[in-house]
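Bear in mind that the values here come from a model prediction, so they are computed numbers and not experimental data. Excluded from the calculations below are hydrogen atoms, water molecules and symmetry mates; all remaining heavy atoms, backbone and side chain alike, are included. Chain identifiers are assigned alphabetically (A, B, ...) following the order of the sequence lines, protein sequences preceding nucleic acid strands; residue numbering begins at 1 within each chain.
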There are 2 protein chains.
Amino acid sequence: MTETLPLNQQLCFALYACSKEVAKAYRDKLAPFGITYPQYLILSALWDQDYRSVTEIGQELQLDSGTLTPMLKRLEEAGWVIRSRHKPDERRVYVELTDKGSALKYDAVCSVAAIWSELNLNEDTYHVLLTQLHGITKQLQKGDK
Amino acid sequence: MTETLPLNQQLCFALYACSKEVAKAYRDKLAPFGITYPQYLILSALWDQDYRSVTEIGQELQLDSGTLTPMLKRLEEAGWVIRSRHKPDERRVYVELTDKGSALKYDAVCSVAAIWSELNLNEDTYHVLLTQLHGITKQLQKGDK
DNA sequence: TACAATTAGATTGTGCACAATTTAATATAG
DNA sequence: CTATATTAAATTGTGCACAATCTAATTGTA
């Protein structure tokens with residue numbers, strides 16, 4: 001079969017386009033705070049559980065250290081986090097929120113919450129989508145190994 | 001409210017993670033052909049409708065010329081497409097598949113189709129997801145203006 | 001105790017993706 | 001006919017995201 005669906009009928013493109021659009025919406029809401037969307041995801045992980053290693057943050061966000069290290073350095077330079085070597089095991093770098101980083105939570109979360117309020121997604125729809133997307137992600141990850 | 005859901009309960013992260021995982025699955029399948037996932041999306045657009053301007057491709061893929069021009073140059077250097085200035089209106093660059101570019105369709109499409117076969121998504125689920133993701137994309141785009 | 005294997009993070013190189021600006025071409029107004 | 005406005009694409013700068021490799025530290029084994 002050489003006939004294929006047009007791109008807008010393919011799930012891969014729907015995901016690609018939607019992900020870009022969500023990232024743009026977040027970027028617009030977060031720009032006034034001087035942080036990017038991926039940086040917001042790191043901060044979110046730390047607001048949920050402070051003082052974690054690069055590896056732990058990487059596991060939650062599904063990002064490797066090649067991506068995380070430069071981002072964490074920028075967050076540190078901007079004063080949102082502090083990085084430090086773990087004394088018992090100096091291979092490990094731990095990341096901790098500064099006061100400024102903790103203080104950002106309320107305003108940033110409110111700001112991005114507006115994105116979802118304006119979308120007016122039904123709570124059931126939200127959860128079904130969430131579950132289905134995580135399901136696809138997990139299955140693809142299984143296929144890697 | 002300062003309590004927030006953990007990231008894995010937020011739709012923005014489900015989209016982010018799923019999109020990355022789908023991109024990775026496509027990258028693995030496409031690497032043997034020497035093309036990247038975003039390049040595949042451009043080729044897909046052209047397989048569906050050859051000979052289009054950069055603007056037209058940009059509209060379908062929701063990408064601007066700053067992203068498209070370097071990618072199209074790489075696709076041209078690799079022999080998949082030809083770019084040419086439109087004689088009636090020399091502001092416009094038209095992109096056309098080469099024989100090699102056309103010939104890639106069957107193998108590339110089969111290769112990536114395997115991703116979805118292995119996922120075993122119900123056809124209804126696929127369509128519901130597609131529709132919902134496009135709906136979110138459109139609403140976010142409306143919010144921009 | 002010494003050495004090999006493994007682990008954690010950092011670095012390097014590359015390909016996007018976006019925003020802002022520039023360049024070149026066309027359309028429009030006076 | 002000329003000047004201005006608009007359009008299409010290209011360029012520049014920046015921030016990811018990934019793969020591969022390197023560096024430093026820790027663990028395991030003989």
Report task. Let me know, please, whether R91(A) or Y37(B) comes out on the 5' side of the other along DNA chain C by nearest nucleotide. Result -> R91(A)

Query raised in the report: More 5' along DNA chain C: E56(A) or T67(B), using each one's nearest nucleotide?
Result: E56(A)

Starting at atom [atom1] of [X], determine the distance to atom [atom2] of [N], rounded to an integer number of angstrom.
{"X": "Q39(A)", "N": "dT14(D)", "atom1": "CD", "atom2": "C1'", "value": "11 Å"}
{"X": "K73(A)", "N": "dA10(C)", "atom1": "NZ", "atom2": "C1'", "value": "7 Å"}
{"X": "D28(B)", "N": "dA17(D)", "atom1": "CG", "atom2": "P", "value": "18 Å"}
{"X": "I57(A)", "N": "dA8(C)", "atom1": "CD1", "atom2": "P", "value": "14 Å"}
{"X": "E77(B)", "N": "dT14(C)", "atom1": "CD", "atom2": "C1'", "value": "14 Å"}
{"X": "L68(A)", "N": "dA8(C)", "atom1": "CG", "atom2": "C1'", "value": "12 Å"}
{"X": "I35(A)", "N": "dC16(D)", "atom1": "CD1", "atom2": "P", "value": "10 Å"}
{"X": "E90(B)", "N": "dA9(D)", "atom1": "CD", "atom2": "P", "value": "13 Å"}

Picking from [options], which would you name as closest to the side chain of [X]?
{"X": "D64(B)", "options": "dC18(C), dC18(D), dA9(D)", "result": "dC18(C)"}
{"X": "K20(A)", "options": "dT26(C), dC18(D), dA17(C)", "result": "dA17(C)"}
{"X": "R74(A)", "options": "dT11(C), dC16(D), dA10(D)", "result": "dC16(D)"}
{"X": "R85(B)", "options": "dA25(C), dA10(D), dG9(C)", "result": "dA10(D)"}
{"X": "S53(A)", "options": "dA9(D), dG9(C), dG15(D)", "result": "dG9(C)"}
{"X": "M71(A)", "options": "dA17(D), dA9(D), dC16(C)", "result": "dA17(D)"}

Between [X] and [N], does any side-chain N or O lie under 4.0 Å from OP1 or OP2?
{"X": "R83(B)", "N": "dA8(D)", "result": "no"}
{"X": "K24(A)", "N": "dA19(C)", "result": "yes"}
{"X": "R27(B)", "N": "dA19(D)", "result": "yes"}
{"X": "Y16(B)", "N": "dA17(D)", "result": "yes"}
{"X": "K87(A)", "N": "dA25(D)", "result": "no"}
{"X": "T36(B)", "N": "dC16(C)", "result": "yes"}

Requested in this report: Give one of base, sugar-phosphate or nothing for L63(B), where a contact means two heavy atoms less than 4.0 Å apart.
Outcome: sugar-phosphate

Query raised in the report: Side-chain donor or acceptor of S65(B) under 3.5 Å from a matching atom on the base of dA8(D)?
Result: no

Query raised in the report: Are the side chain of S65(B) and the backbone N or O of L68(B) linked by a donor-acceptor pair below 3.5 Å?
Result: no

Report summary line: d(T55(A) OG1, Q59(A) CD) to nearest 0.5 Å is 6.5 Å

Query raised in the report: Atom OG1 of T36(B) and atom CG of L43(B): how far apart are they, to the nearest 0.5 Å?
Result: 9.0 Å

Query - CA sep, side-chain torsions, deciding dist, call: Q141(B), Q62(B), side chain to side chain donor-acceptor pair (under 3.5 Å) - result: CA-CA 11 Å; Q141(B) 281 165 346; Q62(B) 299 169 39; 2.9 Å; yes

Query raised in the report: For D89(B) and Q62(A), take the nucleotide of DNA chain D holding the closest heavy atom to each; which residue's nucleotide lies nearer the 5' end?
Result: D89(B)

Query raised in the report: Once the angle between the rings of Y26(B) and W116(B) is folded into 0 to 90°, is it parallel (under 30°), tilted (30 to 60°) or perpendicular (over 60°)?
Result: perpendicular

Query raised in the report: Relative to each other, are the rings of Y16(B) and Y37(A) parallel, tilted or perpendicular (30° and 60° limits)?
Result: perpendicular

